[in-house]
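Reckoned from all heavy atoms, side chains included, excluding hydrogens, waters and symmetry mates. In what follows, chains are A, B, ... by sequence order, proteins preceding strands, each numbered from 1. Predicted model, so just to flag it, every value in this text is computed and none were measured.
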Amino acid sequence: SSSSTTTYIVQLNPQGVTSSSFASKPSWHLSFLQQTMSSEEDASSRLLYSYHSAMEGFAAQLSELELESLKMLPDVISIRPDHRLQIH
Amino acid sequence: TTYSYKFLGLSLSASREGAWYKSAFGRGTIIGVLDTGVWPESPSFNDRGMPAVPKKWRGICQEGQNFNSSNCNRKLIGARFFTKGHRVATYTPDGGREYVSPRDSHGHGTHTSSTAGGATVPMASVLGNAAGVAQGMAPGAHIAVYKVCWLNGCYSSDILAAMDVAIRDGVDILSLSLGGFPIPLFDDNIAIGSFRAVEHGILVVCAAGNNGPIQSSVANEAPWITTIGASTLDRRFPGIVQMGNGKYLYGESLYPGNHLKRAGKELELVYVTSENSGSEYCFKGSLPRAKVRGKIVVCDRGVNGRAEKGEVVKEAGGAAMILANTVINQEENSIDVHVLPATLIGFKESVRLKAYINSTRRPTARIVFGGTVIGKSRAPAVAQFSARGPSYSNPSILKPDVIAPGVNIIAAWPQNLGPTGLPEDSRRVNFTIMSGTSMACPHGSGIAALIRSAHPKWSPAAIKSAVMTTAEVVDHSGKPIMDGDKPAGVFAIGAGHVNPERAIDPGLIYDIRPEDYVMHLCTLGYTKSEILTITHRNVSCREVLKMNRGFSLNYPSISVIFKHGTRSKMIKRRVTNVGSPNSIYKVEVMAPKEVNVRVKPQRLIFTHINQSLSYKVWFTSRKRTEKGKMSFAQGQLTWVNSNNSFNRVKSPFSVTW
């Protein structure tokens, strides 16, 4: 299934975690994937990074369908595809 | 680097005075470099004489392929690698060519990190050229390397992960010699990550990009980032072409001329243009051996790599190469190490060379190598490739901020590569030459580290202000910095060329708090959701602007835009005294003829340190906006200390209709 996925950077509202019951930020981040993934696949296998300092959010591999349902979730403020940059 | 620190006025003196002594060579400061990794065995990362690792440091030396924790020391205090974004995007992994560890497979990261904070290395050179003592701009600073760039590129998910960790590790400066094209701030992961870094007191220094001289090509343009363009040095490596007709063409080369007799010998000259195979560019396999064997081959610059063209000529049996700039490159002189005798000539020379080739049935030439020549040419000048303003996404901020040396910079190089970086090059060197805003960026980061060491409590904006307001707009001969054959404008040089000696002691600074950037985004009309994305702050711009009527971001440079028939604009600024307690500053204005500039008050009287005073500037246009036509003018506003003319705090301004 990973062949039909693309990497996205998902940005979350930093206030969101305070109203949630998750013990840690990575588990809060993972919960967004668990809510959107339809397959039996382990959500953690799609999570590339969990960000806390430079940004509140995570990078994950998502299918088109998962992307659309993730956009609907409260506390998701922005989703951007991963960009390739280069040395100057 | 073996020379740029001297060019910038950084030196060891018997009197123990100057920026290096005032800043203890950058000791105690940690520069985080996001790049292609590091070659830890390079003498530039030797920790002899380095102080202990700062107590605040929480980073690690991450183990991986050919890299273990003992590769870090008191100079290279941290090393990590970020590969997940790259790994999932790269379908054909380049097995074996790349170290899966912080170790640098490419060379770029070793070069940039040593430029920022490399240790002192005596007798450094590139094959005998540019010999000298190599040092980084802040030779006492600690370096932490975050490998985010791989042979296939640098993925923003990896970059963001590195910034995320670097903030927690405790770096003071982040140096990013990477980027893309200018994009809106809410889509720009570097801008978003940098905002959080600045909130943590970290100064983020980025390369402006190499898409110059195209207008509005400057990248990494967020107001909280220090954006660095590239300049030239007054160091030349003559590699003069003597044509068969007895005339000379000036070129430059790093080839060690005394090693190969063929270099100085008169040989037949050939420029292969037929076959429609890219032979004029010396593409791989495009040069017929029978046509080029034993000859000096002319290759046009562009499309494929410059050093690669040399390898193609060598493989086809050519004896030497003349690399000819095209109209795009003009007189740009970024030179390279080559695998055979070679020299780079400018566009004007290339026109003369081709005219000579076409004028005779058997053209000949010889290349005369002239070694290293310092101080004979005008510099600094703007590098032709250096990205230019005005800022595409936010023209209300003048970008780039400053320029710094970025052409023909000699710095550390890994031992897995030859000096050309080509896989075919089996030579091994500790230093090589590179050009780009990538090379300018670590000059800026190193200077920022010096300021940070001298003034540990200054905010990132204060450090940036010190670098900008003390930058030079004239070259070493006292004449305007040039951009090709005309004086450089503010969209090429920003506030000017970095001057570390003056930046350590600016007298006044323009400080900016993170919340000021939020207000600035409100004034630009960014939506609530866009501001939340960029800053992670949930703000009501209506409320913010109601409480801060007439707000102007306290930026050290000024960009005035007259649009929709506006003829007058007022800008507010606030300066903080970081010099002598009792100081009086008088304003000097250089205004373009199209604009009337009035400053109030004309004098600022400070009675104590850290005192802040405000002033207002009214810009009134003397001409009307022409529909459908954009025009620019520029000037500068300088606060001069009445008792101490060393403290001249200069703000460039651009006016756009």
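Heavy-atom pairs under 4.5 Å with chain A were tallied for B/G109, B/C149, B/G85; the largest tally goes to B/G85. When each of B/N152, B/V148, B/D35 is checked for heavy-atom pairs under 4.5 Å with chain A, B/N152 comes out on top. Most heavy-atom pairs under 4.5 Å with chain A, from the set B/T36, B/N538, B/D158, B/V165: that is B/D158. Ranking B/I192, B/T112, B/N210, B/D164 against chain A, the residue ahead of the rest is B/D164, based on heavy-atom pairs under 4.5 Å. Note on B/S157, B/G436, B/G193: by heavy-atom pairs under 4.5 Å with chain A, the leading option is B/S157. When the candidates B/G153, B/G180, B/A207, B/A161 are compared by the number of heavy-atom contacts under 4.5 Å with chain A, B/A161 comes out ahead.
The contact between B/T83 and chain A is made entirely by backbone atoms, counting heavy-atom distances below 4.5 Å. Contacts between B/F181 and chain A at a heavy-atom distance below 4.5 Å are absent for every atom of the residue. Using a 4.5 Å cut-off between heavy atoms, A/A54 contacts chain B through both its backbone and its side chain. At a 4.5 Å heavy-atom cutoff, the contact between B/T533 and chain A is made by backbone and side-chain atoms alike. At a 4.5 Å heavy-atom cutoff, B/L176 makes no contact with chain A through either its backbone or its side chain. When heavy atoms are compared at a cutoff of 4.5 Å, A/E56 approaches chain B by way of both its backbone and its side chain. Residue B/A197 does not touch chain A at all, counting heavy-atom pairs closer than 4.5 Å. Contacts between B/S194 and chain A at a heavy-atom distance below 4.5 Å are absent for every atom of the residue.
Remark: the backbone N or O of A/H83 is paired with a side-chain donor or acceptor of B/S156 at under 3.5 angstrom.
Between A/L48 and B/R87, the closest side-chain pair of non-hydrogen atoms is not below 4.5 Å. Using a 4.5 Å heavy-atom threshold, the side chains of B/I190 and A/L85 count as touching. Contact annotation: the side chain of B/H536 approaches that of A/M55 to within less than 4.5 Å [non-hydrogen atoms, C-beta and beyond]. Contact check for A/I87 versus B/C154: side-chain heavy atoms found under the 4.5 Å cut-off.
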Report the C-alpha distance between B/I183 and A/R80 in whole Å, list the side-chain angles of each, state the deciding distance to 0.1 Å, and finish with yes or no for side chain to side chain contact (heavy atoms under 4.5 Å, CB included). CA-CA 12 Å; B/I183 50 171; A/R80 301 180 291 276; over 6 Å; no

Could you go step by step and tell me if A/Y51 and B/L160 meet the side chain to side chain contact (heavy atoms under 4.5 Å, CB included) rule? CA-CA 8 Å; A/Y51 307 119; B/L160 211 41; 3.9 Å; yes

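In this view, A/Q35 satisfies the side-chain hydrogen bond (donor to acceptor under 3.5 Å, both in side chains) rule with no residue, not counting sequence neighbours. Applying the salt bridge (charged side-chain N to carboxylate O under 4.0 Å, His left out) rule to B/E332 yields the partners B/R301; only residues at least two apart in sequence or on another chain are considered.
Interatomic distance, OG of A/S78 versus CG of B/L532, reported as 9.0 Å (0.5 Å rounding). Distance check: B/R196 CZ to A/H52 NE2 gives 11.0 Å after rounding to the nearest 0.5 Å. Taking NE2 of A/H88 as the start and CE of B/M439 as the end, the distance is 11.0 Å to the nearest 0.5 Å.
Other residues, nucleotides and ligands contribute over 12 non-hydrogen atoms within 6.0 Å of the CG atom of A/L73.
Taking each heavy atom of B/H200 and A/S53 in turn, the nearest pair found is CE1-O, 4.4 Å.
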